[in-house]
Amino acid sequence: MPLDVTVERLIPLPPETVADYAMDWRHDPEWTQGIRRAALTREAEGGGFGVGAEVTRTAHFLGRRMDYVLRVADYDPPRMLDMVSVAGPMPMHVTYTFQPTQSGTFARIRVRGGSTSYLRLAAPLMARQVRGSLTKDLRDLEARLAR
């Protein structure tokens, strides 16, 4: 995939606190750049949120509205949430990981995506934009939880 961006931040809070908030799709618009709306549009096989659940997000990125659906591929709270797009403008794979440290939580977001010819051409610009957004996401996540 031409787009592969990872950002990391040490958040001085326990992993359970950070992951519980970040992995709850209902909080997506509160801390994730550009997300205007998030809805659980398909529950996991056992009900609720988990592997197989789908979240539909409405975002604004680079001045465009994007609606896309992410399916939970792996879910291991409070350690990891891995999602892949099943509908939307481009293929996307989003992974959140949270590792305990002596001083809090080492939070990481990795976004991989795109195989379209447009994205291959725009990948360097898109990577900078995504990196900036993800950096703000983790900063906003910490600020929101520190309240």
Side-chain angles (χ1 to χ4, degrees), residues 1-62 64-116 118-120 123 126-127 129-147:
M1 292 185 174
L3 180 68
D4 190 345
V5 176
T6 300
V7 297
E8 303 165 331
R9 184 178 185 97
L10 181 60
I11 299 176
L13 296 164
E16 294 77 15
T17 301
V18 177
D20 284 352
Y21 185 87
M23 291 182 178
D24 186 337
W25 58 269
R26 292 170 288 217
H27 297 296
D28 287 354
E30 298 166 5
W31 70 278
T32 307
Q33 300 300 306
I35 303 272
R36 301 288 198 265
R37 186 174 83 66
L40 184 65
T41 49
R42 177 180 175 196
E43 291 188 351
E45 191 165 313
F49 188 79
V51 174
E54 293 181 359
V55 175
T56 300
R57 289 175 165 178
T58 299
H60 287 82
F61 185 71
L62 297 175
R64 297 183 58 205
R65 176 186 163 142
M66 295 191 318
D67 295 305
Y68 59 99
V69 179
L70 295 175
R71 179 176 295 147
V72 177
D74 199 356
Y75 183 57
D76 183 16
R79 192 183 68 75
M80 189 260 305
L81 170 61
D82 188 50
M83 300 179 292
V84 295
S85 63
V86 293
M90 67 178 191
M92 186 173 8
H93 192 147
V94 181
T95 306
Y96 300 91
T97 58
F98 306 95
Q99 297 174 315
T101 69
Q102 288 185 343
S103 54
T105 302
F106 188 69
R108 177 183 294 124
I109 304 173
R110 181 179 184 196
V111 174
R112 292 171 282 163
S115 59
T116 64
Y118 169 75
L119 187 54
R120 276 192 287 273
M126 187 92 144
Q129 294 290 328
V130 170
R131 184 174 314 285
S133 291
L134 295 177
T135 298
K136 289 176 187 172
D137 289 349
L138 289 179
R139 183 197 65 213
D140 291 353
L141 175 62
E142 179 179 352
R144 189 162 254 321
L145 292 173
R147 291 182 187 172

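It should be emphasised that the depicted structure is a prediction, and the values quoted were computed from it without experimental measurement.
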Considering all heavy atoms, the nearest [X]-[Y] contact:
X: Val55; Y: Ala38; answer: CG1-CB, 4.2 Å
X: Arg108; Y: Glu8; answer: NE-OE2, 2.8 Å
X: Thr101; Y: Thr105; answer: OG1-N, 3.9 Å
X: Leu145; Y: Val18; answer: CD1-CA, 3.7 Å
X: Phe98; Y: Ala19; answer: CD1-CB, 3.8 Å
X: Ala59; Y: Tyr68; answer: CB-CE2, 4.0 Å

Would you say [X] and [Y] make side-chain contact, with heavy atoms under 4.5 Å?
X: Glu142; Y: Pro12; answer: yes
X: His93; Y: Asp82; answer: yes
X: Asp67; Y: Arg37; answer: no

For the [atom1] atom of [X] and the [atom2] atom of [Y], what is their distance to the nearest 0.5 Å?
X: Leu13; Y: Ser103; atom1: CG; atom2: OG; answer: 10.5 Å
X: Ile109; Y: Thr95; atom1: CD1; atom2: OG1; answer: 10.5 Å
X: Asp76; Y: Thr97; atom1: CG; atom2: OG1; answer: 11.0 Å
X: Arg112; Y: Met92; atom1: CZ; atom2: CE; answer: 12.0 Å
X: Arg57; Y: Met83; atom1: CZ; atom2: CE; answer: 4.5 Å
X: Leu70; Y: Asp28; atom1: CG; atom2: CG; answer: 8.5 Å

Review point. Which one of Glu30, Arg26, Glu16 satisfies the side-chain hydrogen bond (donor to acceptor under 3.5 Å, both in side chains) criterion with Tyr21?
Key: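 In the set Glu30, Arg26, Glu16, the residue that makes a side-chain hydrogen bond (donor to acceptor under 3.5 Å, both in side chains) with Tyr21 is Glu30.
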Distance-only check: which donor-acceptor pairs under 3.5 Å involve side-chain atoms of residues 134-141, not counting sequence neighbours?
| residue | atom | partner | partner atom | Å |
| --- | --- | --- | --- | --- |
| Thr135 | OG1 | Arg131 | O | 2.8 |
| Asp137 | OD1 | Gln33 | N | 2.5 |
| Asp140 | OD2 | Gln33 | NE2 | 2.8 |

Taking distance alone, no hydrogens or angles, what donor-acceptor pairs closer than 3.5 Å link side-chain atoms of residues 47-54 to residues at least two apart or in another chain?
| residue | atom | partner | partner atom | Å |
| --- | --- | --- | --- | --- |
| Glu54 | OE2 | Arg42 | NH1 | 3.3 |
| Glu54 | OE2 | Arg71 | NE | 2.8 |
| Glu54 | OE2 | Arg71 | NH2 | 2.4 |

Practice item. Flag yes if more than 12 heavy atoms outside Arg65 fall under 6.0 Å of its CZ atom; otherwise flag no. Key: no
